[in-house]
Engineer: 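I have a structure I would like to understand better, so I am pasting it below and will then ask my questions one at a time.
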Amino acid sequence: MSFTQDAWASITGIYQDILDHPFNRELGEGTLKEERFQFYMKQDSLYLEDFARALAIAASKAPTPDDIVLLLDFSKGAIVAERSLHQFYFDFFKIQLDAEREPGCFTYTKFLLSTASHESYEVGIAALLPCFWIYREVGLHIHKNAKPDNTYQNWIDMYSSPEFSAVVDQAIDLTDRVAEGVNAPTREAMMDAFIKSTQLEWMFWDCAYHMRTWASASLHSS
């Protein structure tokens with residue numbers, strides 16, 4: 001099997017937990033509380049800034065001009081295409097980006113930036129893939145099961161769209177090409193990074209659902 005086939009097989013339990021998470025179930029049902037979605041959108045906006053930076057770092061390590069361009073296109077897409085979705089909901093809910101990176105966002109983005117910067121190119125690529133792939137699969141799952149007249153339909157349409165799916169296919173193909181011929185320790189490190197990012201995807205949604213902040217974290221620890 002290819003690296004990505006092995007990688008997906010390794011996270012089927014986590015992926016099911018993501019599908020079953022109340023954030024995604026309620027989003028599909030249209031019953032997710034607006035304040036939870038608003039918290040998520042603000043954190044996601046901040047996340048995408050750092051995700052774009054991590055992709056640019058990966059691009060700086062890419063061995064071929066074509067892959068440099070591909071990764072920079074991914075980076076640009078994270079800012080331009082997805083930011084338009086955020087702006088739609090900021091305008092819809094009459095809110096603005098007035099937040100800092102809370103624990104779920106902070107932990108995930110620091111992992112991606114650190115991995116892209118300090119680990120090998122191959123490991124960095126593996127760490128970046130779940131954000132693409134998980135979102136497509138969640139988007140497609142919710143799209144099939146979503147209730148009509150859903151407040152969050154624009155979000156669902158974005159991540160279930162053929163255009164987004166084509167980008168994800170490119171990211172999967174890139175990861176498989178990068179994994180070809182790597183030694184066993186590098187492949188294992190790639191797998192570990194892929195799994196960790198998938199776990200952090202779940203944590204991001206969980207923190208959004210519970211609206212976890214640094215302040216609430218300090219309250220729990222006292």
Engineer: Quick one, Arg53 with Asp50, criterion salt bridge (Lys or Arg N to Asp or Glu O under 4.0 Å). Give me CA distance, side-chain angles, the key distance, then yes/no.
Structural biologist: CA-CA 5 Å; Arg53 292 185 178 99; Asp50 285 341; 2.7 Å; yes
Engineer: Cation-pi check for Phe106 against Arg101: NZ or CZ below 6.0 Å from the six-membered ring centre and within 45 degrees of the axis, yes or no?
Structural biologist: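 Pair Arg101/Phe106 does not count as cation-pi.
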Engineer: Would you give the length of the straight line joining atom CE of Met190 to atom CD1 of Ile125, rounded to the nearest 0.5 angstrom?
Structural biologist: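 With rounding to 0.5 Å, CE (Met190) is 8.0 Å from CD1 (Ile125).
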Engineer: Given 3.5 Å as the limit, does a donor-acceptor pair link the side chain of Asn154 with the main chain of Phe88, or not?
Structural biologist: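 No; judged by distance alone, with no hydrogens or angles, the pair does not exist.
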Engineer: Donor-acceptor pair, distance only, cut-off 3.5 Å: does the side chain of Asp67 make one with the backbone of Pro63?
Structural biologist: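 Checked: no pair found.
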Engineer: Mind telling me whether Phe37 and Tyr89 have parallel, tilted or perpendicular rings, with 30° and 60° as the class edges?
Structural biologist: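 The rings of Tyr89 and Phe37 stand perpendicular, inter-plane angle above 60°.
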Engineer: For Phe90, which of Gln96, Arg83, Met41 qualifies under side chain to side chain contact (heavy atoms under 4.5 Å, CB included)?
Structural biologist: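 Passing option: Met41.
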Engineer: Scan for ring pair (Phe, Tyr, Trp, His ring centres under 6.0 Å) pairs involving residues 160-188, sequence neighbours excluded, and state none if there are none.
Structural biologist: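 Ring pair (Phe, Tyr, Trp, His ring centres under 6.0 Å) check on residues 160-188 returns Tyr159-Phe164.
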Engineer: Do Thr151 and Phe93 make a side-chain contact, defined as non-hydrogen atoms from C-beta onward lying under 4.5 Å apart?
Structural biologist: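 Thr151 vs Phe93: side chains touch.
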Engineer: Restricting to non-hydrogen atoms, name the atom on Ala59 and the atom on Ile68 that form the minimum distance, rounded to 0.1 Å.
Structural biologist: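 That would be O-CG1, 3.5 Å.
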Engineer: Should Glu201 and Cys131 count as side-chain neighbours, where that means a heavy-atom distance under 4.5 Å?
Structural biologist: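 Glu201 vs Cys131: side chains touch.
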Engineer: In terms of the angle between their ring planes, are Tyr40 and Phe23 parallel, tilted or perpendicular, with boundaries placed at 30° and 60°?
Structural biologist: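 Because their plane-to-plane angle lies in the 30° to 60° range, the rings of Tyr40 and Phe23 count as tilted.
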Engineer: Please list, chain by chain and in numerical order, all residues satisfying side-chain contact (heavy atoms from CB on, under 4.5 Å) with Glu35, sequence neighbours excluded.
Structural biologist: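 Testing Glu35 for side-chain contact (heavy atoms from CB on, under 4.5 Å), a comparison that skips the adjacent residues, returns Lys33, Met211.
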Engineer: Strictly under 6.0 Å, is that where the ring centroids of Tyr209 and Trp202 end up?
Structural biologist: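 Not close enough - the centres of the two rings lie 6.0 Å or further apart.
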Engineer: Do Phe132 and Ile172 touch side chain to side chain, with heavy atoms closer than 4.5 Å?
Structural biologist: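 Phe132 does not reach Ile172 side chain to side chain.
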Engineer: Could you report the tightest heavy-atom contact between Phe74 and Ala171, atom names first, then the distance?
Structural biologist: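 For Phe74 and Ala171, the tightest heavy-atom pair comes out as CZ-N, 3.8 Å.
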Engineer: When you measure from the side chain of Asn145 to the backbone of Gly28, do you find a donor-acceptor pair of N or O atoms at a distance under 3.5 Å?
Structural biologist: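 No, Asn145 side chain to Gly28 backbone: no donor-acceptor pair under 3.5 Å.
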Engineer: Would you call His143 and His141 a side-chain contact if the rule is heavy atoms closer than 4.5 Å?
Structural biologist: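 Not touching, per the 4.5 Å side-chain cut-off.
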